[in-house]
Amino acid sequence: MSDLKVYNSYSRQKEVFTPLTPGHVGMYVCGPTVSGESHLGHARPYITFDVICRYLQHLGYKVRYVRNITDAGHFEEEGREAEDKISKKAVLEKLEPMELVQKYTNLFHWAMDQFNTVPPSIEPTATGHIVEQIEMIKKIIEAGYAYEVNGSVYFDVKKYAASHDYGKLSGRVIDDLLETTRELEGQEEKRDRSDFALWKNAAPEHIMRWQSPWGVGFPGWHIECSAMATKYLGAQFDIHGGGMDLLFPHHESEIAQSTICNHSAPVRYWIHNNMITINGRKMGKSYNNVIKLTELFSGNHPLLEKAYHPMVIRFFILQTHYRSTLDFSNEALLASEKGLKRLWEAYEKLLAMSYEPREENLDKELEARCSKLIAELDEFMNDDFSTAKALANIFELVPVINSMKDKTIPVSALSAATFELLQNKLKTYVEGILGLKSITEADNDKLKGVMQLLIDIRKEAKGKKDFVTSDKIRNQLAQLGITLKDEKSGEMSWNIE
RNA sequence: GGUCCUGUGGCCGAGUGGCUAGGCAGAGCUCUGCAAAAGCUCCUACAGCGGUUCGAAUCCGCUCGGGACCUCCA
């Protein structure tokens, strides 16, 4: 099998993935800021890195997946009056800051569960790691790369840039960052415009505040990820992920802080997912074009014709490569919904099928085609996690599976080995790696029993050409949202809308 | 303004210089008591203009369009 290659944002090319410690992978993904509800755009990184995590596990790696919860409010750094998103919202909603944070954390966890994402191995919170952040800031000050002004601490970018390539990750030219012509307010404390805060002095009305060597304040945004990643994954770790919009300044700053503190570049492979757009424009609060996950699941949004199952969203996201933008529309979601249903029904049929060997039926051409389609799944995933191509191959197998079910192609057209491989590999991919699951709720034994009874009665009626009875059963079930389908083999299948 | 990405059939989207990805929609056919599925077939596109090449959606240049980051942002 080919090696796993990943696109490293830092080198801007695909590289063969080699973990620091054989057999183990340390992966850090920037988690949500729990000051509000998650929207569709937020779903992309968590689903993308979920699949990456699942695939790494499939390859046999033991993965430590760390994803933080940002629950300590950031301040708007420049150009605006300092304010704390979380504490501001808390006042509006008359909630304790931690109460608010808990509410949105719970909601986030619920949504992640709906998406069938594997929970991270460690989910550290920023507020739970204030001590670690302070310690890290102290080290940076000791090393001479940060300075204190009026109870705030800033990272000295100019000094750092003199001996390190600040800006490489995000493709920034350091001189452009340093020599700005723009006059900005609220940054007179900084020695240079490009410096960023490690610790910020808290104004009296600021609710979230902690004691530090520099007075009462709160941590800068970037330091939490550096501190928590270092604590749980070490000074150097394999993968750091997040949205492309975090490249600058967040990840660039993380590199600088960690490099000074730990004397080595922190991350070996930087992986960034692209944005979800809506009418070609990034979905984001500042554009006023977000669709919250709860709105998506309920269909309660002007742009949505109906509610969409979380699995449809997951499938929709996996149909494109994670580094491409993905344009949202109701139409695109409808297409995904139909596609997923077709795929899932074929998948379930395949798992229910059993093999009957008959050598004279062997179709070498079909055998070769199926083997190739199956083998390519790993090739595609190894090529920078190409879920879109893997899904395309699975879709090419769907007509083969359906034909077998309809007996227009005998199951024994494939060799026993290939048929078994098809079953096992699809199970691994559809459920294990792509993390899809059924979008209908029929996992109820009593309901299944009742349905079987109705199917038996309908079969009897059809046998007697009593179409009044057979149609009554089918039509009334349809009114309840249960679709009954006669299959070519004489069997009947059903599903709930 | 600076840096970078991008422009694929009705829609969404893969695409490694040569072998029509795939999904959805549409059309026709087959199967079928009817229906719904399903199967088969068709729709063979790469913003425009040049260039490199035996050969370009894919490489280069220009033009036009769209977007991201440079401030919080997944």
Side-chain angles (χ1 to χ4, degrees), chain A residues 12 29-33 35 38-49 73-80 83 85 167 170-173 175-177 180-182 184 194 221 241-250 252 272-277 279-287 290 315-316 319-321 323-329 331-343 345-346 349 376 380 383 386-396 398-403 405-406 408-409 462 465-467 470-471 474-475 478 483-489 493 495:
Chain A
R12 289 161 198 251
V29 175
C30 286
T33 301
S35 60
S38 299
H39 63 253
L40 175 59
H42 295 125
R44 173 105 103 145
Y46 308 127
I47 289 172
T48 297
F49 288 100
H74 308 147
F75 46 92
E76 314 280 353
E77 219 180 328
E78 289 163 5
R80 288 180 209 173
E83 62 175 355
K85 272 190 187 170
S170 56
R172 224 88 341 194
V173 180
D175 291 340
D176 293 351
L177 292 172
T180 178
T181 52
R182 280 199 294 168
L184 291 159
S194 57
W221 175 33
M244 275 185 186
D245 50 355
L246 297 180
L247 273 165
F248 189 89
H250 187 53
E252 198 69 64
H272 291 94
N273 64 275
N274 213 319
M275 303 291 105
I276 287 182
T277 59
N279 295 321
R281 167 156 265 127
K282 174 184 171 183
M283 185 177 286
K285 243 182 190 167
S286 35
Y287 295 115
V290 302
F315 177 78
F316 171 65
Q319 261 186 309
T320 176
H321 187 87
R323 279 188 293 112
S324 300
T325 54
L326 171 58
D327 202 48
F328 162 87
S329 69
E331 210 185 348
L333 237 39
L334 270 175
S336 289
E337 185 182 69
K338 289 195 176 174
L340 175 60
K341 275 186 183 164
R342 195 161 85 92
L343 185 147
E345 280 175 25
K349 284 182 206 167
E376 279 176 343
F380 293 155
D383 185 12
S386 200
T387 54
K389 290 176 97 174
L391 276 169
N393 270 31
I394 293 172
F395 268 106
E396 288 207 57
V398 164
V400 177
I401 295 165
N402 283 333
S403 296
K405 177 69 186 174
D406 290 343
T408 52
I409 296 177
K462 278 187 71 173
K465 304 230 185 260
D466 175 9
F467 298 124
S470 68
D471 286 352
R474 190 176 63 199
N475 295 341
T483 312
L484 201 58
K485 289 183 279 197
D486 294 349
E487 294 181 353
K488 281 185 189 163
S489 55
S493 66
N495 61 60

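Note that the structure is predicted; figures quoted are calculated from it, not measured. Letters A, B, ... are given to chains in the order of the sequence lines, protein chains preceding strands, and every chain is numbered from 1.
The backbone N or O of A:M275 sits nowhere less than 3.5 Å from a side-chain atom of A:T325 that would complete a donor-acceptor pair. The main-chain N or O of A:L340 is never found under 3.5 Å from a side-chain atom of A:R342 such that the two would form a donor-acceptor pair.
Rounded to whole Å, the separation between the P atoms of B:rG7 and B:rC59 comes to 10 Å. Spacing of P atoms, B:rG51 relative to B:rU16, comes out at 25 Å, to the nearest Å. Distance check on atom P: B:rC29 versus B:rA14 gives 35 Å, rounded to whole Å. Only the C1' atoms considered, B:rA21 is 12 Å distant from B:rU8, to the nearest whole Å. On the C1' atoms, B:rC31 is 13 Å away from B:rA36, given to the nearest whole Å. The same atom, P, is picked in B:rG67 and in B:rC12; the two are 15 Å apart, to the nearest Å. Straight-line distance between the C1' atoms of B:rG66 and B:rU32: roughly 49 Å, to the nearest whole Å. Comparing B:rG10 with B:rG48, their P atoms sit 13 Å apart, to the nearest whole Å.
Looking at every heavy atom in both residues, A:G41 comes nearest to A:M283 through N-SD, 3.7 Å. A:G243 approaches A:H272 most closely through the heavy-atom pair O-CD2, 3.4 Å. Scanning all heavy atoms of the two residues, the minimum distance from A:M244 to A:R323 falls at CE-O, 3.9 Å.
Partners of A:H39 under the ring pair (Phe, Tyr, Trp, His ring centres under 6.0 Å) rule, at least two apart in sequence or in another chain, are A:H42. Judged as a ring pair (Phe, Tyr, Trp, His ring centres under 6.0 Å), and not counting sequence neighbours, the contacts of A:Y46 are A:F108. Here A:D327 pairs with nothing under the salt bridge (charged side-chain N to carboxylate O under 4.0 Å, His left out) rule; sequence neighbours left out.
Straight-line distance from the NE2 atom of A:H272 to the P atom of B:rA74: 13 Å, rounded to whole Å. One interatomic measurement links the two molecules: CD1 of A:I394 to C1' of B:rA21, which rounds to 14 Å at whole-angstrom precision. Protein atom NE2 of A:H250 is 21 Å distant from nucleotide atom P of B:rA68, rounded to whole Å. The CD1 atom of A:I276 sits 12 Å away from the P atom of B:rA74 (whole-angstrom rounding). Note: CZ (A:R172) to P (B:rU3) measures 11 Å, nearest angstrom. A:L334 has its CG atom 15 Å from the C1' atom of B:rG10, to the nearest Å. Rounding to whole angstrom units, OH of residue A:Y287 and C1' of B:rC72 are separated by 12 Å. Rounded to a whole Å, the CZ atom of A:F248 is 9 Å from the P atom of B:rC72.
For A:P249, taking side-chain heavy atoms from C-beta onward, the closest of the listed nucleotides B:rC70, B:rA74, B:rA21 is B:rC70. Listed nucleotides: B:rG67, B:rG33, B:rA74. Nearest to the side chain of A:M275: B:rA74.
Between A:D383 and A:K389, no side-chain nitrogen of the basic residue sits less than 4.0 Å from a carboxylate oxygen of the acidic one, so the salt-bridge criterion is not met. Electrostatic pairing of A:K485 and A:E345 counts as a salt bridge here, judged by a charged N lying under 4.0 Å from a carboxylate O.
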Here RNA chain B, pairs taken as Watson-Crick or G-U under 3.5 Å and shown with ( ), [ ] when crossing and | when to another strand, reads (((((((..(((.....[...))).(((((.......)))))....(((((..]....))))))))))))....

task: Please lay out, stage by stage, how A:F328 and A:L40 fare under the test side chain to side chain contact (heavy atoms under 4.5 Å, CB included).
output: CA-CA 9 Å; A:F328 162 87; A:L40 175 59; 3.6 Å; yes

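Note: A:N279 CG to A:Y287 OH = 13.5 Å, rounded to the nearest 0.5 Å.
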Each nucleotide of nucleotides 36-43 of chain B classed B (base within 4.0 Å of a protein heavy atom), S (only sugar-phosphate) or -, in 5' to 3' order, makes BBBSS---

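Applying the 5.5 angstrom centroid cut-off and the 30 degree plane-angle cut-off, the aromatic ring of A:Y46 is not stacked upon the base of B:rA74.
For A:R474 against B:rA35, a side-chain N or O and a base N or O form a donor-acceptor pair under 3.5 Å.
Each of A:I276, A:N274, A:L326 was checked for a side-chain contact (heavy atoms from CB on, under 4.5 Å) with A:T320, and the lone residue meeting it is A:L326.
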With the criterion being N/O to N/O and under 3.5 Å, what pairs connect the protein with nucleotides 11-14 of chain B, and how long is each?
from	atom 1	to	atom 2	distance (Å)
B:rC11	O2'	A:E331	OE1	3.4
B:rG13	OP1	A:D327	N	2.6
B:rG13	O3'	A:T320	OG1	3.0
B:rA14	OP1	A:T320	OG1	2.0
B:rA14	OP1	A:H321	N	3.1
B:rA14	OP1	A:S324	OG	3.0

